[in-house]
Visitor: 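What follows is a single structure, and I will ask about it in a moment.
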Amino acid sequence: MGHGIAQLFAQAGFQVTLNDVSLKILDRAVSRIQDSLPRLVNHGIISPEDADEVPGRITTTTDLDEAVLNTDYIIEAVVEDLEAKSNLLGMVDEKCPAHAIITSTTSTYCVRDMAGALKRPERFLVTHFWNPPYLIPIVEVMPGDATSPEVVETTYKLLEAVGKNPAMVNKDVPGFVGNRLQHALRREAISIVAQGIASPEDVDLIAKLSFGLRLPVVGPLETVDLGGLDLTQAIQTYLLPDLDCSSEPLQLIQDKVAKGELGAKSGKGFYDWPPGRFEEVIRRRDETLIELVILLKKFGLIE
Ligand SMILES: NC(=O)c1ccc[n+]([C@@H]2O[C@H](COP(=O)([O-])OP(=O)(O)OC[C@H]3O[C@@H](n4cnc5c(N)ncnc54)[C@H](O)[C@@H]3O)[C@@H](O)[C@H]2O)c1
């Protein structure tokens, strides 16, 4: 996420400093940015001249002091581990200028769970980007109780300046909006497979080629309105008692994790992942996303 967010801001003309724990990781981050630029140029997302400017706007350093000393806006994107995030956020808060805004692109944690590490919680909030950040338009903005309104306003303006659509999350809740929705769907998908109702391949096919195909155009609540709230009520009266409502990861996931079946990174998850398949899926995802973003702009669905 870090290199994708750095790329997004550099594409919009900002000077960015990318910080990580080793030079090797930072070099890989820069080469990933360099690899993705020609694809964006080929599809007309950015001009060749603008793409040429991007690498020159990104500085890398393993030195946290150097990274945050003269910065106005900091986006934390380290591993999804509350302790790691809190430790780093506390250090960043100590070292950065008093006016700087500090955000986290955590996928799930509440602001209140991280803000305790900062002396200035009023300058802190969550900005949840989606992967890849330079393509997915939305960023969920979730302030905490202590976040100052000025910090929220500046964040909105900045996100709009880099071409994103910020969306407000009014309450400080785990998973914000996107991941609450996504994990409700994922829990049911896993449950369907666990019960033998359908194979992983067919679950994914049905999701992708039914409501998944409509989602960029008609959201879940618009769909309720289109079909009628009485229809949703009738369906939910019959269906909801049969849906999974587990409050912990399903046994199937726990078993697979215990067996080391972690997905693409271990070679097996719900699917087999022979060498090269991961790269191929990501390439296809990004190529399709680029065309989809162009199409959504053409039809006025995003700016
Ligand atoms: N991958 C996604 O699809 C996605 C989407 C939205 C949000 N997020 C969130 O973004 C964050 C990063 O996710 P990711 O997938 O890029 O993870 P990642 O593991 O690929 O990258 C995390 C990076 O943080 C670095 N790091 C760890 N400790 C550090 C420290 N103390 N100082 C500096 N760098 C440090 C690691 O070396 C690594 O390069 C997580 O909070 C994740 O939940 C991920």
Side-chain angles (χ1 to χ4, degrees), residues 1-9 16-33 35-36 58-69 71 73-96 102-115 117-118 124-142 155 159 162 164-167 169 172-183 185-186 249 262-266 269 278-279 281-286 288-289:
M1 290 301 286
H3 67 82
I5 295 170
Q7 176 177 340
L8 168 73
F9 279 79
V16 183
T17 305
L18 199 50
N19 169 253
D20 208 301
V21 291
S22 84
L23 282 175
K24 199 171 150 204
I25 296 175
L26 287 168
D27 288 347
R28 203 172 62 217
V30 170
S31 54
R32 281 182 170 182
I33 293 169
D35 286 351
S36 88
I58 300 174
T59 311
T60 60
T61 177
T62 55
D63 182 342
L64 187 63
D65 292 75
E66 189 187 324
V68 302
L69 195 63
T71 192
Y73 205 89
I74 296 149
I75 301 172
E76 170 279 310
V78 301
V79 280
E80 190 73 349
D81 176 296
L82 193 52
E83 201 183 331
K85 285 190 185 293
S86 299
N87 287 342
L88 183 66
L89 288 166
M91 283 193 284
V92 167
D93 186 33
E94 293 271 330
K95 295 166 191 285
C96 72
I102 306 172
T103 86
S104 172
T105 188
T106 171
S107 298
T108 41
Y109 299 134
C110 291
V111 172
R112 62 178 175 274
D113 289 335
M114 296 179 283
L118 289 89
F124 177 64
L125 75 172
V126 161
T127 48
H128 182 232
F129 289 82
W130 288 73
N131 195 21
Y134 49 87
L135 286 179
I136 303 275
I138 211 83
V139 180
E140 293 171 87
V141 175
M142 189 175 80
T155 295
L159 291 171
V162 299
K164 294 285 115 176
N165 294 49
V169 182
D172 186 15
V173 291
F176 334 125
V177 173
N179 271 327
R180 291 176 84 91
L181 293 172
Q182 195 169 228
H183 281 270
L185 175 65
R186 235 177 257 184
L262 305 181
K265 63 183 165 191
S266 73
F278 172 81
E279 290 73 15
V281 170
I282 297 295
R283 191 196 58 74
R284 209 173 49 207
R285 179 198 71 180
D286 289 355
T288 311
L289 275 176

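When a ligand or atom number is given, it counts from 1 through the structure's own listing order.
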Visitor: Considering non-hydrogen atoms of the protein only, which is the closest contact for atom 31 (N) of ligand 1, and what is the distance?
Guide: L88 CD1, 4.1 Å
Visitor: Return the CG to NE2 distance between L18 and H3, rounded to the nearest 0.5 Å.
Guide: 9.0 Å
Visitor: Going by atom types only, do Y73 and T155 share a side-chain donor-acceptor pair under 3.5 Å?
Guide: yes
Visitor: Give me the nearest non-hydrogen protein atom to atom 3 (O) of ligand 1 as residue plus atom name, then the distance to 0.1 Å.
Guide: N131 CB, 3.3 Å
Visitor: How close does the nearest protein non-hydrogen atom get to atom 41 (O) of ligand 1, and which residue and atom is it?
Guide: E80 OE1, 2.5 Å
Visitor: Report yes or no: does A77 have a heavy atom closer than 4.0 Å to ligand 1?
Guide: yes
Visitor: How about atom 20 (O) of ligand 1: does it have a protein heavy atom within less than 4.0 Å?
Guide: no
Visitor: Of the options T71, N87, L64, L118, which is the one that meets V92 in a side chain to side chain contact (heavy atoms under 4.5 Å, CB included)?
Guide: L64
Visitor: Which bit of F129 is near ligand 1, meaning a heavy atom under 4.0 Å away: side chain, backbone, both or neither?
Guide: backbone
Visitor: To the nearest 0.1 Å, how far is atom 38 (C) of ligand 1 from its closest protein heavy atom, and which atom is that?
Guide: D20 OD2, 3.5 Å
Visitor: Could you pull out, from H3, M1, M91, the option with a heavy atom nearest to atom 14 (P) of ligand 1?
Guide: M1
Visitor: Check each atom of ligand 1 against the heavy atoms of I25 and keep those under 4.0 Å away; list them by number with element.
Guide: 37 (O), 39 (O)
Visitor: Please evaluate residues R180 and V177 with respect to the criterion side chain to side chain contact (heavy atoms under 4.5 Å, CB included), reporting the C-alpha separation (whole Å), side-chain torsions for both, the decisive distance (0.1 Å), and the verdict.
Guide: CA-CA 5 Å; R180 291 176 84 91; V177 173; 5.9 Å; no
Visitor: Look up atom NZ in K164 and atom CH2 in W130, then write down how far apart they are to the nearest 0.5 Å.
Guide: 13.0 Å
Visitor: What protein heavy atom sits nearest atom 10 (O) of ligand 1, and how far away is it?
Guide: T105 O, 3.4 Å
Visitor: At what distance is the nearest protein heavy atom to atom 43 (O) of ligand 1, and which residue and atom is it?
Guide: S107 OG, 2.6 Å
Visitor: Heavy atom of E76 under 4.0 Å from ligand 1?
Guide: no
Visitor: What distance separates R28 CZ from I33 CD1, expressed to the nearest 0.5 Å?
Guide: 12.5 Å
Visitor: Kindly compute the distance separating OG (S31) from CG (L26), expressed to the nearest 0.5 Å.
Guide: 10.5 Å
Visitor: Closest non-hydrogen protein atom to atom 29 (C) of ligand 1, residue and atom name please, with distance?
Guide: V78 CG1, 3.5 Å
Visitor: Mark up the atoms of ligand 1 that fall under 4.0 Å of a heavy atom belonging to T106, in ascending order.
Guide: 41 (O)
Visitor: Need the ligand 1 atom indices (1-based, order shown) with element for anything under 4.0 Å from a heavy-atom of H128.
Guide: 6 (C), 7 (C)
Visitor: What do you think, any protein heavy atom under 4.0 angstrom from atom 17 (O) of ligand 1?
Guide: no
Visitor: Give the atom numbers and elements of ligand 1 that come within less than 4.0 Å of a heavy atom of K85.
Guide: 40 (C), 41 (O)
Visitor: Side chain of E66, backbone of T61: donor and acceptor closer than 3.5 Å?
Guide: no
Visitor: How far is atom 33 (C) of ligand 1 from its nearest protein heavy atom, and which residue and atom is that?
Guide: N19 OD1, 3.6 Å
Visitor: Just how far is it from atom CD1 of I5 to atom OH of Y134, taken to the nearest 0.5 Å?
Guide: 12.0 Å
Visitor: What's the separation between atom OG1 in T62 and atom CD1 in I25, rounded to the nearest 0.5 Å?
Guide: 10.5 Å
Visitor: On a heavy-atom basis, which atom in K85 and which in Y109 lie closest, and how many Å separate them?
Guide: CD-CD1, 4.0 Å
